[in-house]
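Let me begin by presenting the structure, written as structure tokens, before commenting on it.
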Amino acid sequence: MLPEDAGNSVTVISEDTQELLQKESFQFDFVSGDFNLIDGKLVSVSGLDALKVWIQKIIKTEKFNFKIYSQDGQDEYGVSIRDLITGKSLDRDFLNAELKRELDQALCRNALIESTSNYRLEQVGRQLKVTFQVNLVDNPSFEQVVNL
């Protein structure tokens, strides 16, 4: 008989997930709107850090605004949330549910992401701070914060 759980959990990451996590990206400062540089060179990131950059970028890219993201006549990259966060006079619960749906739909297009959960929305001045859990296909998860 095996013990149920002694508090030691092991996360097994498949080879496919490990391969996806090895892809590189470049650090981007979303506050200043520019890439991070060290000695004039772009700073590369990989693994979860690259995934976090991808998450920020897709959420901050408004769908249908940039032809570069159009494939086969369809704009699949980005989110359509500008109207939700610019003060439309719709029910707050509806706006929150629609924002969560839109973010989840966009993020789950990534092969590493199984789902998102535990959304918290907070108005900070003129910005909306969105905090949520990103649940990966091989069970690890992490918290992501995006300011819109």
Open item on the list: If the condition is ring pair (Phe, Tyr, Trp, His ring centres under 6.0 Å), which residues does Tyr119 pass it with, not counting sequence neighbours?
Closed with: Phe132
Check whether any side-chain heavy atom of [X] lies under 4.5 Å from a side-chain heavy atom of [Y], and answer yes or no.
X	Y	answer
Leu107	Trp54	yes
Ile113	Leu51	yes
Lys129	Gln123	no
Val45	Val53	yes

Task: Path from Ile59 to Phe142 over hydrophobic side-chain contacts below 4.5 Å - done: yes
- [ ] Please list all pairs passing the salt bridge (Lys or Arg N to Asp or Glu O under 4.0 Å) test where one or both residues lie in residues 112-124, with sequence neighbours left out.
- [x] Arg120-Glu143
Task: salt bridge (Lys or Arg N to Asp or Glu O under 4.0 Å) partners of residues 38-47, not counting sequence neighbours, each pair once - done: none
Task: Shortest non-hydrogen contact between Cys108 and Ser115, atoms and distance - done: SG-CA, 3.7 Å
Open item on the list: Apply side chain to side chain contact (heavy atoms under 4.5 Å, CB included) to residues Thr116 and Leu103 and explain how you reach the verdict.
Closed with: CA-CA 8 Å; Thr116 60; Leu103 295 180; 5.9 Å; no
Open item on the list: List the residues meeting side-chain contact (heavy atoms from CB on, under 4.5 Å) with Asn118, not counting sequence neighbours, and say none if there are none.
Closed with: Gln133
Task: ILVMFWY clustering at 4.5 Å (side-chain atoms), partners of Val145 - done: none
TODO: Could you please spell out the steps behind the side chain to side chain contact (heavy atoms under 4.5 Å, CB included) verdict for Leu48 and Leu136?
DONE: CA-CA 10 Å; Leu48 288 180; Leu136 303 180; 3.7 Å; yes
Task: Pairing residues for Ser117 by the side chain to side chain donor-acceptor pair (under 3.5 Å) criterion, not counting sequence neighbours - done: Asn135
Open item on the list: side chain to side chain contact (heavy atoms under 4.5 Å, CB included), that's the test. Do Val146 and Leu128 meet it? Break it down for me.
Closed with: CA-CA 8 Å; Val146 178; Leu128 179 63; over 6 Å; no
